[in-house]
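What follows is one structure encoded as structure tokens, with my remarks underneath.
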Amino acid sequence: MKAREISPLALDSYQRAARVILSNHLVTQTYPDRIALPLLRRWATELREDLMTLFGYRLEVTETTARLFTVSDRLDAGTPAKTATDRTFDRYRYAYLALALAALGRAGNQITLSELADHVAADAAQVDGVDLSTERASDRDAFVDAVGWLAARGAIALADGDAGGWAANPDAGEALYDIDRSVVIALFRPPRALQHLRSIRGLLAGADSVTDDDTAEFGTSRTVDVKETTRRVRRALVERPVVYAADLDDHELVQLALPRTAADVELLTGLVAERREEGVAMIDSSGRLSDVRFPGTGTVAQVALLLAGEIADRVLDPDTPETARMPLPRGRSEDLLEQVDSAIPQSGIFDSLAGHDGVEPEQPAPADRLFPVVEDEWITDTVRTLTDRFGRTFAAGWQADPDGLGRAALALLERLRLTAAVPGGVLALPALARYRGVVVTIRDRTPEIDLFQSSANDSEDITA
């Protein structure tokens with residue numbers, strides 16, 4: 001491992017480079033900032049070897065881009081593309097993004113926004129369920145969001161005009177973009193031709209592994225690739241907020257228990273492993289590897305932190321009745337796979353080249369690990385109580401919608417794998433105990449000598 005050969009004085013720089021590429025996968029001269037690419041180019045040789053050794057990731061670095069080709073073990077609905085205003089992409093925005101990227105690959109050095117829209121509209125007309133009409137404002141807004149995503153990553157650069165003006169009135173507004181072909185090529189590099197896939201499973205790790213059918217006829221058990229198993233566990237450590245033992249099979253549990261598995265990830269990234277009986281969490285004190293910082297700022301993050309503390313107290317309080325217990329639900333990845341597969345246009349598949357997209361379905365949840373259930377009714381009441389106590393510090397929109405605030409806070413806790421939704425409530429997962437006993441203080445920004453008493457209650461917020 002090359003990280004062991006780097007001097008202690010330079011190790012921090014190397015770890016910053018590793019965190020940058022692990023959190024962005026694509027780095028250009030402008031994205032995520034102007035210092036990221038020079039940093040990666042400095043450590044390209046060492047990173048290329050370490051990322052392949054530890055995770056099976058392939059790194060390509062050129063003068064203008066750095067692209068990390070990752071290996072996915074499962075679909076993750078918790079890391080969607082977002083607009084410049086932090087709104088999650090819907091299916092139309094994803095479709096326009098893919099079609100715009102394809103159109104840019106066929107274009108010259110420059111393209112106008114209306115010309116790009118015409119290409120996308122023509123291609124969309126050939127796909128069932130997708131269309132782009134520049135007459136509809138909602139379509140124009142979605143298309144401009146997709147174009148903005150590409151511009152943020154440097155695939156295109158605004159040379160003249162205004163995309164917002166075109167979205168408001170395509171007859172009066174226009175925008176001209178320079179195309180960076182190297183970024184466009186780096187963005188779209190699927191490991192397999194999509195027309196050769198009947199299922200999105202074909203893009204997941206394990207699709208090319210030995211199947212049971214290959215060995216069953218000989219009466220032998222399936223060969224366990226220890227090296228790939230270790231890589232899969234390390235990938236989970238850097239991709240999931242918490243790796244629970246209940247999620248792993250017996251072979252993966254052995255690798256997770258070995259000290260060197262997490263130690264290698266620590267050395268590469270600078271993260272710190274926090275071990276518990278139930279699993280391992282890699283703590284990112286820099287706040288640069290994850291796109292969600294928790295505890296964080298904002299009403300939803302603050303309420304999620306308060307709610308986490310309340311749930312932990314509810315579960316661990318010996319004076320309250322013991323809660324029911326249920327196993328961790330599985331099968332969500334299967335549901336997501338089925339949803340994505342249902343949108344694959346069957347007419348575009350090359351049947352003669354499309355083979356078996358074999359990744360084994362998730363096994364049913366083991367019943368030996370049970371987690372406490374917190375009922376929906378209790379959560380609703382608790383969120384309303386928190387709103388009554390601290391509501392004046394919340395964003396105005398959430399003050400009037402405590403139920404929506406509760407759903408948003410629970411969604412954040414579930415994404416962080418602190419809770420898991422089940423029918424009628426949520427499971428309190430072990431990592432939630434980190435936030436037991438949250439202390440809340442109201443920070444008053446009012447100066448000691450207030451010359452304007454009427455504004456005394458307008459400047460408070462929560463710290464915890």
Side-chain angles (χ1 to χ4, degrees), residues 20 23-38 40-41 60 62-67 79-127 129-190 194 291 397:
V20 166
S23 57
N24 294 284
H25 298 180
L26 172 68
V27 172
T28 67
Q29 293 173 306
T30 59
Y31 181 82
D33 52 53
R34 294 187 179 278
I35 64 174
L37 187 59
L40 283 168
R41 285 174 56 81
E60 287 185 0
T62 68
E63 292 185 1
T64 56
T65 63
R67 181 73 160 93
T79 55
K82 293 188 175 181
T83 69
T85 56
D86 207 33
R87 288 185 293 122
T88 301
F89 267 35
D90 57 17
R91 60 178 59 195
Y92 282 99
R93 285 170 171 79
Y94 278 119
Y96 296 158
L97 175 62
L99 294 175
L101 192 59
L104 291 173
R106 303 190 298 266
N109 295 325
Q110 287 188 321
I111 193 168
T112 63
L113 190 58
S114 58
E115 184 182 1
L116 182 57
D118 290 341
H119 286 301
V120 170
D123 292 341
Q126 302 178 36
V127 182
V130 179
D131 67 324
L132 170 62
S133 172
T134 56
E135 301 298 321
R136 290 195 292 264
S138 59
D139 284 11
R140 295 197 301 272
D141 290 340
F143 174 69
V144 168
D145 283 340
V147 171
W149 190 94
L150 291 168
R153 283 150 185 80
I156 53 178
L158 184 64
D160 194 12
D162 176 23
W166 180 87
N169 184 357
D171 294 328
E174 185 57 283
L176 176 66
Y177 289 94
D178 294 329
I179 302 173
D180 189 324
R181 194 154 302 283
S182 63
V183 178
V184 171
I185 294 173
L187 269 172
F188 187 70
R189 295 279 295 279
L194 300 183
D291 58 340

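Each residue takes its place number in the sequence, starting with 1. As the structure is a computational prediction, the values presented were derived from the model and not from experiment.
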Q: Could you go through the side-chain contact (heavy atoms from CB on, under 4.5 Å) check for Asp131 and Arg136 one step at a time?
A: CA-CA 11 Å; Asp131 67 324; Arg136 290 195 292 264; 2.8 Å; yes
(Q) How about CZ on Arg91, more than 12 heavy atoms from neighbouring residues, nucleotides or ligands closer than 6.0 Å, or not? (A) no
Q | Those residues that, when tested against Tyr92, pass ring pair (Phe, Tyr, Trp, His ring centres under 6.0 Å) (two or more places apart) | A | none
**Q.** For Ala155, side-chain contact (heavy atoms from CB on, under 4.5 Å) partners two or more places apart
**A.** Leu150, Val183, Val184, Leu187
(Q) Rounded at 0.5 Å granularity, tell me how far OG1 in Thr88 sits from NZ in Lys82. (A) 5.0 Å
**Q.** Sequence-distant partners of Thr134, side-chain contact (heavy atoms from CB on, under 4.5 Å), two or more places apart
**A.** Ala117, Trp166
(Q) Show the nearest heavy-atom pair for residues Leu158 and Ala175, with the distance to one decimal. (A) CD1-CB, 3.8 Å
Q: Drop me the distance from Leu26's CG to Arg189's CZ, to the nearest 0.5 angstrom.
A: 11.5 Å
**Q.** Thr112: partners by side-chain contact (heavy atoms from CB on, under 4.5 Å), with sequence neighbours left out
**A.** Ser114, Glu115, Glu174, Leu176
Q.
Quick test of your reading: applying side-chain hydrogen bond (donor to acceptor under 3.5 Å, both in side chains), list the pairs with at least one residue in residues 141-161, sequence neighbours left out, ordered by first then second residue.
A. Tyr31-Arg153, Arg87-Asp145, Arg93-Asp145
Q) Knowing that exactly one of Val27, Ile35, Thr65 qualifies, which makes a side-chain contact (heavy atoms from CB on, under 4.5 Å) with Leu40? A) Val27
(Q) Taking CG in Asn169 as the centre, count heavy atoms belonging to other residues, nucleotides or ligands within less than 6.0 Å. Is the count above 12? (A) yes
**Q.** Minimum heavy-atom distance between Gly154 and Thr30, given as atom pair plus value
**A.** CA-OG1, 4.0 Å
Q) In chain order, what residues pass the side-chain contact (heavy atoms from CB on, under 4.5 Å) check against Ala98, with sequence neighbours excluded? A) none
Q) Mind checking whether Ile156 and Ile179 have side chains closer than 4.5 Å, heavy atoms only? A) yes
Q) Can you name the nearest heavy-atom pair linking Phe143 to Leu113, along with the distance? A) CE2-CD1, 3.6 Å
Q: Any chance you could measure Leu97, atom CG, to Phe89, atom CZ, to the nearest 0.5 Å?
A: 5.5 Å
Q.
Any heavy-atom pair between the side chains of Tyr177 and Leu104 that's under 4.5 Å?
A. no
**Q.** Under 3.5 Å: donor-acceptor pair, side chain of Arg41, backbone of Thr62
**A.** yes
(Q) Measuring only between side-chain heavy atoms, which start at C-beta, is Ile185 closer than 4.5 Å to Arg67? (A) no
Q | Backbone of Gly164 reached by a side-chain donor or acceptor of Arg140 within 3.5 Å | A | no
Q. Nearest heavy-atom pair of Leu37 and Thr28: which atoms, and what distance?
A. CB-O, 3.7 Å
